[in-house]
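Comments concern the structure below.
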Amino acid sequence: MKASIWLGKDKFEVRDVPIPEIMDDQVLVKVKKVGLCGTDVHITQGLFPSTPPKILGHEFSGKIVDVGKNVDKNNIGKRVACNTTSSCGNCHNCKNWTISRCSNEIKSSGAFAEFSAMPLSSAIEIPENMSYEVAAMTEPASCCLSGTEMIGYKDDSKILIIGSGIMGILCLKFVKQKNIGYVVVSEPNPLRRKMALEMGADFVIDPRGENYQEDLEKLKGEYGFDVFVEAVGNPNLLAEGISHLGPRGQALMIGVHPEMSNLEYDLYDLHYKEIRLFGAFGRGDSFSSVPKIIESFGLEKLVTRTFNLDEINKAIDLTAEGNGMKYMISP
Ligand SMILES: [Zn+2]
Ligand SMILES: [Zn+2]
């Protein structure tokens, strides 16, 4: 099969490699679409640990084309969203943390390739009318669902989301499911602000705009926001968002912050206002429920462009520039 091998730094090479062998309880998936993720960009920049040579790609969908001898043959032909890890359900992490942090996980093989092997339990059937593009967003969406489910909501909650990239938009969609009519999205890129409005934001503001402080103060009102979602991964924005929270405000960290970074914030304020801060990393327990939930979200419009396997560098550069929404690879 053809696979794009990551050779370190930003070097990828399409090579012919053997199709991954499947174990008795595994399935072989013909990969249809793979989302390019900020983490892939960070790996090529040395900001996220990974060792070459390797087949990257972890946000993907496809069709089951072969099964191991313990798997029912009726699974062949199923259209699936692919989870990157399996879980045992019995270890300490599965029982006390989440199943996506299982210490006995079996990883799916990399997705920037024509085929990927994984346990049957990692291949989740998708709704009949769901495109492979949208199904490939199950992974980032499950991270956002797992995070937004940590928060307690009230009907009149005022929510501030900083960052309207793919994670900000997905969080927006999930909080709007809570019947909340006051979600403010702050984003400097006009195209992403427009997207936030189309996807259901009640207000958008431009942090580089002239009237930003004034607009924000007006929207914040007398008591501040109840919930703040940081969807960028910038410690300064995290501190800024927390400062806009009211008493017992809740802050959710969806963006990936750099290792060893610090939160510069007045701890007295955090203490006095009884602020709660939620870290959120990974898919939690939510992956298998996500395809059905996101079916009605209209996520097709988030796919900016699809590239071939030998064009990964173009997709990485565009993702790193922060323009557009989601870039996909079609192996
Ligand atoms: Zn990702
Ligand atoms: Zn486990």
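Every heavy atom of this structure was used, including side-chain atoms; hydrogens, water molecules and symmetry mates were not. In listed order, ligands and their atoms are each counted from 1.
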Quick check: are there more than 12 heavy atoms from other residues, nucleotides or ligands sitting under 6.0 Å from NZ of K30?
-> yes

N/O/S atom of C91 inside 2.8 Å of the Zn ion (ligand 2), strictly under | yes

Charged N to carboxylate O under 4.0 angstrom, [X] versus [Y]?
{"X": "E217", "Y": "K220", "value": "yes"}
{"X": "E125", "Y": "K292", "value": "no"}
{"X": "E274", "Y": "R248", "value": "yes"}
{"X": "K158", "Y": "D226", "value": "no"}

Where the Zn ion (ligand 2) is the corner point, what angle links SG of C102 with SG of C88, to 10°?
-> 100°

Protein N, O or S atoms less than 2.8 Å from the Zn ion (ligand 1), ignoring waters?
-> C37 SG, H58 NE2, E59 OE2

Report yes or no: is the cationic atom of K314 (NZ for Lys, CZ for Arg) under 6.0 Å from the centre of the six-membered ring of F307, at an angle within 45° of the ring normal?
-> no

Report yes if the distance between the aromatic ring centroids of F203 and Y182 is under 6.0 Å, otherwise no.
-> yes

